[in-house]
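Sequence positions, counted from 1, serve as the residue numbers for this chain.
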Amino acid sequence: MKSFCEILRELREDRDMTQADVANLLGTSQQYYSKYETGKYEMPIHYVVPLADFYGVSVDYLLGRTACRVRLEEYQKPIVAGYTADELLADVLTLDRKGRESVREYIELQKKVNRQNKGK
């Protein structure tokens, strides 16, 4: 899993922002923000939620506790025909190991099909 520092840099670069841009957003200097991003200083906790909100990711993702960028409220929105992501996850977790592996294989197959369809 990526570190907090790697995630900070990746999110900033994904938005084509400079360290000065993010520092300005937080009300700090570019020099301080650079030290947060490189891990030389620990980022104050009061910056974490505003950054997660700004980038549209969960705090857990920002802190490197999950690889899923999706915010909690997104899990409660229907993904298909009134079926939410958290219901899907709950269903998958009720399966035995072989069942979960089958779901994973099916997802990989669907991702491959989607990539092929985008190429057409």
Side-chain angles (χ1 to χ4, degrees):
M1 199 134 358
K2 295 177 189 171
S3 72
F4 176 66
C5 300
E6 291 171 314
I7 293 167
L8 280 178
R9 186 182 68 249
E10 180 181 276
L11 289 170
R12 177 181 57 79
E13 290 174 349
D14 285 351
R15 291 255 179 132
D16 294 322
M17 296 177 74
T18 65
Q19 289 181 343
D21 294 331
V22 179
N24 192 40
L25 175 80
L26 297 175
T28 191
S29 70
Q30 182 275 327
Q31 291 82 4
Y32 270 105
Y33 181 78
S34 173
K35 292 181 191 297
Y36 303 146
E37 199 173 277
T38 59
K40 291 181 181 166
Y41 288 176
E42 267 191 38
M43 178 176 279
I45 192 79
H46 65 272
Y47 290 152
V48 174
V49 171
L51 275 177
D53 288 345
F54 176 73
Y55 289 125
V57 298
S58 70
V59 170
D60 278 346
Y61 177 79
L62 186 63
L63 296 176
R65 293 172 45 97
T66 180
C68 184
R69 292 174 85 152
V70 178
R71 289 194 230 176
L72 184 59
E73 59 267 16
E74 295 299 316
Y75 287 102
Q76 295 155 350
K77 292 181 181 176
I79 53 175
V80 291
Y83 194 60
T84 64
D86 57 349
E87 290 171 325
L88 174 64
L89 180 58
D91 285 346
V92 169
L93 292 174
T94 65
L95 300 174
D96 63 15
R97 182 179 178 88
K98 186 173 180 173
R100 290 190 305 267
E101 288 173 359
S102 294
V103 169
R104 177 70 178 142
E105 290 168 5
Y106 184 73
I107 289 170
E108 287 303 316
L109 174 65
Q110 288 303 310
K111 287 166 59 175
K112 183 178 179 181
V113 168
N114 285 346
R115 283 191 301 270
Q116 290 173 345
N117 289 340
K118 285 181 182 179
K120 292 181 179 179

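A continuous path of hydrophobic side-chain contacts links L11 to I45 [ILVMFWY only; heavy atoms under 4.5 Å]. Hydrophobic cluster membership differs between Y75 and V80, with clusters built from Ile, Leu, Val, Met, Phe, Trp and Tyr side chains linked at under 4.5 angstrom. Under the 4.5 Å side-chain heavy-atom criterion for ILVMFWY residues, no single connected hydrophobic cluster contains both V103 and V70. Linking ILVMFWY residues whenever their side-chain heavy atoms come closer than 4.5 Å, directly or via other members, places V48 and L26 in the same cluster. Under a hydrophobic clustering in which Ile, Leu, Val, Met, Phe, Trp and Tyr are joined whenever their side-chain heavy atoms come within less than 4.5 Å, directly or via other members, Y41 and Y33 fall into the same cluster.
E101 has a carboxylate O that lies under 4.0 Å from a charged side-chain N of R97, or vice versa, which qualifies the two as a salt bridge. Checked for salt-bridge contact, K77 and E74 meet the test: a charged N lies under 4.0 Å from a carboxylate O.
Note: D14 CG to R9 CZ = 10.5 Å, rounded to the nearest 0.5 Å. In this structure, SG in C5 is found 13.0 Å from NZ in K35, a value given to the nearest 0.5 Å. In this structure, CD in E37 is found 11.0 Å from CD in E6, a value given to the nearest 0.5 Å. Taken to the nearest 0.5 Å, the CD1 atom of I7 stands 14.0 Å off from the CZ atom of R12.
Between the side chain of D53 and the main chain of P50, no donor-acceptor pair closer than 3.5 Å is present. When atom types are taken as modelled, the side chain of S34 and the backbone of Q30 share no donor-acceptor pair closer than 3.5 angstrom.
Under 3.5 Å, the side chains of T18 and D21 contain a donor-acceptor pair of N or O atoms.
Annotation: cation-pi geometry satisfied between R15 and F54 (NZ/CZ under 6.0 angstrom from ring centroid, within 45° of ring axis).
Ring orientation note: the planes of Y32 and Y36 are tilted relative to one another, at an angle of 30° to 60°.
Other residues, nucleotides and ligands contribute over 12 non-hydrogen atoms within 6.0 Å of the CG atom of L109. In the displayed structure, E13 atom CD is contacted under 6.0 Å by more than 12 heavy atoms of other residues, nucleotides or ligands.
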As a quick check of understanding, evaluate side chain to side chain contact (heavy atoms under 4.5 Å, CB included) for Y55 and V22, giving each step before the final call.
CA-CA 11 Å; Y55 289 125; V22 179; 3.4 Å; yes

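Residues L8 and M43 share a closest heavy-atom pair of CD1-CE, 3.8 Å.
Annotation: side chain of L95 is not in contact with side chain of D91 (no heavy-atom distance under 4.5 Å).
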For residues 59-69, please give each side-chain donor-acceptor pair under 3.5 Å, one per line with the distance, not counting sequence neighbours.
residue: D60; atom: OD1; partner: R65; partner atom: NE; Å: 3.1
residue: Y61; atom: OH; partner: E10; partner atom: OE2; Å: 3.2
residue: T66; atom: OG1; partner: C68; partner atom: N; Å: 3.2

